[in-house]
Amino acid sequence: MSLATNVTDLATRVATEAKSLRTLINGNNPDLATLTTTAKANLVAAINEVAAAVAGASGIDDGTISTSTSWSSQKTRDEIDSAVAGIDFPDVIDDTTPSTSTAYSSTKTDAQIAAAVGAIDVTDVINDAAPSTTSVYSSTKTDAQISAAVAAIIDTAPGALDTLNELAAALGDDPNFAATINAALGNRVRVDAAQSFTAPQQAQGRANIGAASDAALTALTANVGDTNTNFVTTFEAGLT
């Protein structure tokens, strides 16, 4: 069967299912006349009508506290503002003694931090003798460690690639190695940008990936069928 035949069958099946759903919703009527809402010609308008009715229903009571009613957003905000306004922050500030129920002022906090930092003697934590989680290396020791690590990396290079000359030879002694590679990559099919190929290049590319020949494409076109088929007509016919 052609593609047109298959798509026609699909459209008929979709239309049949749509008809079943419409029958469930409103008895397959052409409109929403069976709705009990004032709005009957627009389902969204009908839903909005219901939503408005729900929003206007009783349930908000700003006068009392109850488990069966709620406050309006304005009442809730007023209560929060009132509660926050009643907090006197200076009442909880005490710079004299530490406490779990009071807090230091920013001035006292800065002074405490400054005193703690000033009491630190950096030289007490420097230890070049051995690694430790409670001490640090000096800059001299750190530089020596880094130099040793770099030397170790160089020493691990293969014997055939541990000199600049050997690396150059591995790149084909090509001073324009990057341009050469880019030119080679330019002859490969890209997936992130448009390209232009000559006819021989296109033919070679199709041969390399086993793409369909012109004859195969012609046969495929025949199987697709009439691309001008009006599937909307098919769909609407299935709704009757």
Side-chain angles (χ1 to χ4, degrees), residues 1-11 13-14 98 103-104 106 108-229 231:
M1 292 186 291
S2 68
L3 176 62
T5 299
N6 289 332
V7 174
T8 298
D9 291 342
L10 174 62
R13 178 66 187 89
V14 171
Y104 282 155
S106 57
K108 174 68 172 181
T109 301
D110 283 348
Q112 291 290 89
I113 294 174
V117 172
I120 297 175
D121 185 357
V122 179
T123 59
D124 291 343
V125 296
I126 294 178
N127 181 9
D128 288 347
S132 172
T133 58
T134 59
S135 62
V136 297
Y137 283 152
S138 66
S139 57
T140 301
K141 176 69 173 180
T142 301
D143 285 347
Q145 292 289 89
I146 293 174
S147 297
V150 172
I153 292 173
I154 295 175
D155 288 342
T156 58
L161 293 172
D162 60 358
T163 68
L164 292 177
N165 185 52
E166 289 169 344
L167 290 174
L171 296 177
D173 291 329
D174 185 356
N176 299 311
F177 181 76
T180 301
I181 293 299
N182 286 334
L185 291 175
N187 289 326
R188 302 299 182 268
V189 177
R190 300 183 59 172
V191 297
D192 61 338
Q195 288 177 284
S196 297
F197 292 111
T198 64
Q201 287 174 327
Q202 293 173 356
Q204 185 63 59
R206 287 195 296 269
N208 289 347
I209 64 174
S213 63
D214 290 342
L217 291 176
T218 299
L220 177 62
T221 301
N223 288 330
V224 168
D226 184 6
T227 58
N228 293 318
T229 299
F231 297 113

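Nothing fancy with the numbering, it's 1 onward along the sequence.
Pairing each heavy atom of R190 with each of Q195, the nearest pair is N-OE1, 2.5 Å. The two residues T109 and Y104 have their closest heavy-atom pair at OG1-CB, 3.6 Å. Residues Y137 and P131 approach most closely at OH-CG, 3.3 Å, considering heavy atoms. Closest of all the heavy-atom pairs between N127 and S135 is CB-OG, 3.6 Å.
Scanning for side-chain contact (heavy atoms from CB on, under 4.5 Å) contacts around R188 gives an empty result, with sequence neighbours left out. In this structure, the side-chain contact (heavy atoms from CB on, under 4.5 Å) partners of L10, at least two apart in sequence or on a different chain, are V14.
Distance CG/L185 to OG1/T180: 11.0 Å, rounded to 0.5 Å. Here the straight-line distance linking atom CG of N176 with atom CG of L171 works out to 12.0 Å at 0.5 Å rounding.
The closest side-chain donor-acceptor pair between T134 and S132 falls under 3.5 angstrom.
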| said: Evaluate K141 against I126 for side-chain contact (heavy atoms from CB on, under 4.5 Å), listing each step before the verdict. | reply: CA-CA 10 Å; K141 176 69 173 180; I126 294 178; over 6 Å; no
